[in-house]
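Here the structure is laid out as structure tokens; the discussion comes afterwards.
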Amino acid sequence: MKNTSRITQLFVFVLISTSILAQENNFAFGKITQEEFDMKNYEKDKNAEAVVLFDIGKSYFVESDAGFKVVYERITRIKILSNAGIKWGEIQIPYYQQGNIFEEIMDLQGTTYNPDEAIYVRKSTLDTKNSFDEKINNNWKSKKFAMPDVKANSIIEYQYKIYSDYMFNLRDWEFQWEIPVVYSKYSVSMIPFYEYAWLFQGDKNFDEKRTYTDNRDQHFGGITYQNNIHEFVMKDVPAFNDEEFITSKNDFISKIDFQLAKVNQIGGSYTNVISTWEAMNKELLESKSFGDYISKSEKMGLKNLEVQKIASSISVEEKFNYVIDYVKNNYKWNGQNDKFASKTPSEFEKQKTGNSADINLYTIGLLRSVGISAKPIVVSTRNHGRVKFDYPYLHFFNYVTIFVELNGKKTVSDATEIMSINNRVPERCINNKGLIVEKNKAEWLNMETLATSDNITNISVNINKDNSIEANITKIGTEYEALRYKNKFGDDKDKIKDHFKSQIYEINDTTIKFANLKKTNKSYAFTFETKSNPEIINGKMYINPFFGLNLSENPLKKTDRTFPIDMIYPKRTTFTVNIKIPSEWQINYLPENKKIENELFSIEYDAVKNEVNIEVSFSYYFKKSEYSSNHYILL
């Protein structure tokens with residue numbers, strides 16, 4: 001975070017035992033109180049659409065055939081305060097699966113409580129048969145279900161357990177939601193065979209934090225031990241709703257994250273798990289689904305006669321572009337993000353589709369096969385949150401992309417985005433820094449782009465004597481704005497009509513034309529013609545010169561800001577309008593010209609009139625990709 005007034009605390013600790021007695025709060029499933037039924041709004045946030053009455057979680061270890069499993073239990077109760085809050089009845093439970101390591105959701109229950117004059121309260125029980133599982137990526141799935149009969153004034157609660165073989169990460173815990181939380185508690189019960197480090201993020205400390213021993217003897221492998229229990233409580237946590245222009249809420253909400261730090265063996269030996277970024281790079285390079293995948297892809301590239309024949313007679317930059325284009329034209333991204341390949345290179349070549357790691361690691365191998373020293377960069381996508389550089393946790397990363405040096409210039413690339421410029425990564429990867437994966441080094445690369453993306457609108461307007469207006473409108477995008485338009489519209493005329501019909505009265509679809517859809521190094525453009533009837537009051541015509549295509553309201557509405565303002569990349573929006581009017585008409589009023597210019601941004605509006613037309617130009621330019629919260633009021 002850069003120069004922000006919000007002090008987000010990041011603490012890392014290894015969980016150890018002290019002797020403090022714990023007080024167990026009683027939050028029982030099904031024990032709804034009259035006070036909860038009577039609640040019409042939440043006193044500390046009267047605009048809240050719903051409120052979490054309590055959210056209680058705990059993790060503990062149980063013996064299994066293979067040693068131990070981790071059990072995660074959770075019980076959550078929510079009061080729905082308005083119709084807008086009904087969506088909080090849709091629940092998702094993520095769970096992990098990889099090879100022989102898997103998680104299983106058990107004992108899922110849910111109930112919705114509604115006031116009923118005849119019987120006081122009507123209970124609707126969740127039918128778990130109506131739940132379904134959705135694949136997130138190769139390792140994560142999500143169980144989804146909707147609570148029954150949810151409406152304003154309902155109380156919903158659900159509970160479940162997850163049995164897990166995945167010891168590397170204990171479940172993390174989010175104290176803060178997008179609605180207020182009255183009470184949130186997470187406890188972890190530790191055994192001496194596994195030590196975990198924990199990382200806390202938040203702008204306030206815990207309301208309660210206790211560590212104590214449960215004083216019950218446990219036995220395993222001839223060793224007698226007692227569980228060390230650590231409890232973390234936060235109360236009256238405000239809703240996280242400052243979500244405009246940020247990377248991810250994961251970077252700012254109050255939460256606690258765990259990672260395995262040390263494994264202690266029964267015989268007294270131990271293994272340190274958390275080490276260094278260099279050691280993490282070594283682990284990746286030795287992985288079958290990462291470093292080994294690149295090596296095999298390189299060997300396959302050397303045998304690819306088409307690639308080798310063309311690459312032998314062109315320059316280094318041409319080789320780079322040829323390989324990137326070759327992969328883009330022959331292989332398809334399945335939409336899944338990952339840092340590890342999901343299949344072998346030969347399977348990928350045959351199936352012609354794969355996740356982001358399948359594609360980008362394969363591309364690195366091909367680049368190496370033509371003599372370009374390409375390296376992988378592991379990154380965290382924007383919605384995954386930023387990497388904490390002081391803590392070498394592999395799970396901070398969820399994506400891999402491509403790094404090369406072309407004629408001494410550092411270049412990043414990604415072969416998943418077919419219509420993107422070859423020396424750019426997708427917008428989702430512009431998230432602070434990425435780690436270049438190479439042997440015996442840990443070098444970080446800034447993923448920020450300094451290139452300005454332009455969004456240009458050119459409008460030619462003709463006012464007819466019958467008071468109708470005809471306009472020819474051209475939209476042009478460069479850099480990331482071009483990619484945004486390409487992904488949104490492509491060459492689909494219906495998408496253009498559907499998008500602009502709410503802003504412009506009538507579009508002649510025969511006039512819609514596209515330019516440079518498949519030319520990644522050129523600006524993308526589309527043109528169309530429209531007709532409309534302007535507002536006429538007391539014989540005077542009022543014209544919006546931008547045809548409603550400009551911003552209609554300021555997206556920065558809050559009175560202050562505690563987070564950085566993340567624009568992703570520098571962006572400039574420009575309108576140029578030429579309005580031709582009948583010669584006998586008079587121009588009564590033009591808005592005053594205005595210009596603001598500083599190192600952060602510029603705004604300029606200019607209108608010039610002559611006998612037969614009005615020329616209007618308007619532009620605003622955000623010169624930086626990210627602004628400190630101190631600049632919020634100025635913005």
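Numbering starts at 1 and runs along the sequence shown.
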| query | Any side-chain donor paired with an acceptor under 3.5 Å for S356 and R428? | reply | no

| Pair K624 + E448, salt bridge at N-O below 4.0 Å | no

| query | Are the aromatic rings of F240 and F563 close, with centres under 6.0 Å apart? | reply | yes

| Does any N or O in the side chain of K255 come within less than 3.5 Å of the main-chain N or O of N250, such that one atom is a donor and the other an acceptor? | yes

| request: For the residue pair N422 and K328, confirm or rule out a side-chain donor-acceptor distance under 3.5 Å. | output: yes

| query | What distance do K332 atom NZ and K352 atom NZ have between them, rounded to the nearest 0.5 Å? | reply | 14.0 Å

| request: Might you point out which heavy atoms bring F290 and L285 nearest each other, and give the distance in Å? | output: CD2-N, 4.5 Å

| Heavy atoms from other residues, nucleotides or ligands near CD of E599 exceed 12 (cutoff 6.0 Å) | no

| Would you say the side-chain atoms of N398 and T381 include a donor-acceptor pair closer than 3.5 Å? | yes

| query | If you measure from CZ on F489 to CG on D494, what distance do you get to the nearest 0.5 Å? | reply | 12.5 Å

| task | Hey, can you tell me if F526 and Y485 have their rings parallel, tilted or perpendicular (30° and 60° cut-offs)? | result | perpendicular

| message | Looking at E481 and R484, is any side-chain nitrogen of the basic one under 4.0 Å from a carboxylate oxygen of the acidic one? | response | yes

| query | Should the ring pair F618 and F575 be called parallel, tilted or perpendicular, given that the plane angle runs from 0 to 90° and is split at 30 and 60? | reply | parallel

| What closest approach, in Å, do W333 and N355 show between heavy atoms, and which atom pair accounts for it? | CD1-C, 3.7 Å

| remark: Shortest non-hydrogen pair, I507 vs I496, comes out as CD1-O, 4.3 Å

| If every non-hydrogen atom of G354 is compared with every non-hydrogen atom of K343, which pair is closest and at what distance? | CA-NZ, 4.2 Å

| Minimum heavy-atom distance T247-D566, with the two atoms named | CG2-OD2, 2.9 Å

| said: Does this structure show an ion pair linking K87 with E49, if we count only N-O contacts that are shorter than 4.0 Å? | reply: yes

| query | Do S617 and T576 meet the criterion of a side-chain donor-acceptor pair at a distance under 3.5 Å? | reply | no

| query | On the ring face of F389, is K433 found with NZ or CZ under 6.0 Å from the centre and within 45° of the axis? | reply | yes

| field | I377 side, atom CD1; I436 side, atom CD1 - distance, nearest 0.5 Å | value | 5.5 Å

| message | One pair to check against side-chain contact (heavy atoms from CB on, under 4.5 Å): R561 and L635. What are the steps and the verdict? | response | CA-CA 11 Å; R561 174 92 172 198; L635 289 176; over 6 Å; no

| Looking at K410 and E443, does any basic side-chain N land under 4.0 Å from a carboxylate oxygen? | yes

| Non-hydrogen atoms of V425 and D414 that approach each other most closely | CA-CB, 4.2 Å

| message | In terms of relative ring orientation, are F546 and Y605 parallel, tilted or perpendicular, with 30° and 60° separating the classes? | response | perpendicular

| message | If we ignore hydrogens and angles and just use 3.5 Å, is the side chain of Q201 paired with the main-chain N or O of D251 as donor and acceptor? | response | yes

| field | Intermediate values then yes/no, side-chain contact (heavy atoms from CB on, under 4.5 Å), F396 and Y391 | value | CA-CA 9 Å; F396 283 157; Y391 313 108; 4.1 Å; yes

| Verdict with supporting geometry, R382 and E427, salt bridge (charged side-chain N to carboxylate O under 4.0 Å, His left out) | CA-CA 8 Å; R382 294 178 61 81; E427 183 179 308; 5.5 Å; no

| request: Go through the side-chain N and O atoms of D257 and H395 and say whether any donor and acceptor fall under 3.5 Å apart. | output: yes

| message | For K475, I'd like to know if atom NZ has over 12 heavy atoms of other residues, nucleotides or ligands within 6.0 Å. | response | yes

| field | Under 3.5 Å side-chain donor-acceptor pair for Y480 and T449 | value | no

| message | If we count only N and O atoms by modelled type, under 3.5 Å, do the side chains of S342 and D358 hold a donor and an acceptor together? | response | yes

| query | Do we get K540 above Y542's six-membered ring, with its NZ or CZ under 6.0 Å from the centre and within 45° of the axis? | reply | no

